[in-house]
Structures are given as structure tokens and as C-alpha cells.
Amino acid sequence: MTNLEPRPEHHFTFGLWTVGNPGRDPFGEPTRRPMEPRYMLGHLAELGAYGVSLHDNDLVPIDTSAAEHDRIVADFARGLQETGLVVGMATTNLFTHPAFKDGALTSADARVRAYALHKVLHAVDLGAELGAGVFVFWGGREGAEVDAGGNALDGLARLRDALNFVEAYSRDQGYDLRFALEPKPNEPRGDLYLPTVGSALGFITTLDRPDAFGLNPEFAHETMAGLNFVHAVAQALDAGKLFHIDLNDQKMGRFDQDLRFGAENLKSAFFLVKLLEDAGYEGMRHFDAHALRTEDEAGVWEFARGCMRTYLILLERARQFDADPEIQAALEAYRVGDQELEELTRRYSAERARALKERSFDREALGARGPGLERLDQLTVELLLGARS
Ligand code: GCO
Ligand code: MN
Ligand code: MN
């Protein structure tokens, strides 16, 4: 086993709202005391994290005066300096206050939309001031329980206008921010707009400056929708749009659980880590999860440590996978190359199309081949269970 101690160069970050989650749920009161942001910084630094992310109101309460705002931000900036932690991502809370109960940037009420945009601009200032590289839009209230209000199409147009406005503002200020959309199928609304990674990727192409926008996909969100998160992340990578990632875990078909990374779907977590590392993903390894409601504060820090350790263990397993001769031989056998056919099909020309159409294929032989996936997958399982070291 190599060293599994998390270190800043691993780029692990946590939302202030994640380790700060007090264990409230729709049926019960908080089970833990709130923690001050600076206190959390100290603990995260000790555990080897690289930084934090925050909503505007995780740091500055919504009803804070301007003078108090400056004092809070300066104090937090001192905390960052002392601990060496950075702010990797910033975002806006557009979901807690009742003003946003029927949407924020997509609300049918122009006053709510304007207030939401005002709040985002201030949150962008805060993010830029604290040095965040990515600014996230998670539309927690951007959706509906009923479609009688007719917002399905209008909501998208309103969201587009708002995102274009914010991006232009940020550029005008000279901020060095990239924007990331975070899709989710439902919760807290019955249905959220832009429910999946694919929907967000499609929507980005309709913005004024698509290059400034990417994705912040979340393991739990795609899993809630019954989708394969590894495939979703691959699509974001393929499009050059993986700006940030929310790592956690989730049982399919349940309420939004925000479990510790790797707590539930270990195999998917393994293939995810392998995908990110093989693709050379350079962004934050950001955990958007929280300790079980059963836990006290000690359980919170166990949770945070566990997220990072599991990532590092899976990273080590990914390297073992690459170095394991039997696995590599099985992979080699699985991928059948054919130089001549690959040459023929790589790029269209009239001549190649003609040659391909004239070609005959041994359908029966193709259908009869066993690709060896049972063995390859069992070898992977054995590797993950530590039976191959
Ligand atoms: C959720 C979301 C949020 C967002 C956060 C930052 O399901 O509640 O994942 O935690 O990630 O608001 O955008
Ligand atoms: Mn989530
Ligand atoms: Mn999230």
C-alpha cells in the first residue's frame, strides 16, 4: 500500500455546507451543533484537504449589513491564509429563502428573477474576491411540481438570459471565473429543469459564450435518475466541459442521500476515479456529501477523512489495474484491432465508402466470439476486494 494520507496536491475540497451539515432532515431537527467556517478550515487543513467551496450564505448570513459583510469576509480570508486552504468553487444560495419557493432565475415573477440575479452578482464578487476558479449554478428551485404555470419553455429562456448576464458581468469585471451548471433530476422540486448532464450540455450550446460554461456533475444526481454517472462524466470530458465535480454516493431511486464517497457503489466509484485520472482531469476533487444524521462531530471528521481515503485507495487500485498482467492481457484480447478495416472506416471518402460497401463480413464468426467480459469483470472485482495483491 502506498501512502493513503490525503495531501493538498490531491486537490480534495469540501463544501462548507457538507462538513457543516447539522443533520436536519424533512422529518427531524438538527442532530449536531453548527460549526463556524474558520473552525472547519482548521480541521480540513489538518486532514489534508486542499480547499473549500461555499454558497454566499454559508459564509455571510443573508441579512448581514455591508460593514459586517466585510468583517466576515476579511476574517475568513485570514483563516484561508493561516491554513493554506483555497476556495476552489463558489456559488449562490438560491433555494433556502421562501422568496425562491417557485424558482429563482426561472421564476415567473420578474421581481424574484431580478432579486436572484442581484444575489448571484454579489456571490460572483465574493467568489472572485476569495480566488475561486469556478462558479456553480445549481438550480435547486428551478423546476416545478405542476406544469400548469407553463414555465417549461419560458423557464429555459429566463435561465439563458440570466446566465448570459452573469457571464458578461464577470468578464466586464475582469474576473477569472468559469461557470459550471450542476444538473439534478428532482429534489427539492418535484422536477428540476436541466435534469441530467446531457441536458445541461445541450443547453450550454444555446448561450452567448458557450466556452465560458461547463458542467459540475454530481454522482448522486445522475444515480437518482437511474443513470450511469461514469458515462455522464465521460460525456462531459469528451465535450471538454468537466469544469468541476461533486463526489458523493447514493442508492438508486432513493431520496437525495449525499453519502460518503464510495459508501454505496464502490465499483462505479472505482471506474469514476480511473476515468478522471486517466483523462488527466485537472479540476478539484470536490466532495458534496455529508455525515450520516446519526453522527456526532467526530463522525463528521471520520466522514471527511473517509471520502479522501477512499478516493486514494481507488486511485491505487486503478494503477494496479493498469499494471496487472492478467487484466491487461484480458483487455488486450477484448479489444480486437484490424488495421486495414480501421483505415477503411476512419474517415469518409467516396472511394472508402465504395470499398466498404463491397466488403463481405463473416457475421456468424462475429456473433460467435466471446469477448471475455465475465472474466475481465471478475478480475476487477477481485482486484477491488484485495485478492490480487
Ligand atoms: C444538492 C446539491 C447542492 C449543490 C450546491 C452547490 O443536491 O443539494 O448537490 O449541494 O451542489 O448547492 O451548487
Ligand atoms: Mn446533491
Ligand atoms: Mn452538488
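Numbering of ligands and ligand atoms starts at 1, following listing order.
Between Phe95 and Phe100, the ring center distance fails the sub-6.0 Å criterion.
For His286 and Ser53, the side-chain atoms include at least one donor-acceptor pair closer than 3.5 Å. Side chains of Gln320 and Arg317: a donor on one and an acceptor on the other come within 3.5 Å.
Between the side chain of Arg260 and the main chain of Ala289, no donor-acceptor pair closer than 3.5 Å is present.
Applying the side chain to side chain donor-acceptor pair (under 3.5 Å) test to pairs two or more places apart or on separate chains, those with a residue in residues 103-128 are Asp56-Lys119, Asn57-Lys119, Thr106-Glu142, Asp109-Arg111, Asp125-Tyr169, Asp125-Tyr175.
For the salt bridge (Lys or Arg N to Asp or Glu O under 4.0 Å) test, no residue two or more places apart in sequence or in another chain qualifies with Glu302.
The residues Glu316 and Arg319 are annotated as not salt-bridged, no charged nitrogen and carboxylate oxygen being separated by less than 4.0 angstrom.
Closer than 4.0 angstrom to ligand 1 lie heavy atoms from Trp17, His55, Thr91, Phe95, Val136, Trp138, Glu182, Lys184, Glu218, His221, Asp246, Asp256, Asp288.
Between Tyr311 and Phe12, the angle of the ring planes goes over 60°, which puts this pair in the perpendicular group of the 30/60° scheme.
The tally of protein N/O/S atoms under 2.8 Å from the Mn ion (ligand 3) stands at 4.
Scanning both residues, Leu292 and Leu259, for their nearest heavy atoms gives CD2-CD2, 4.0 Å.
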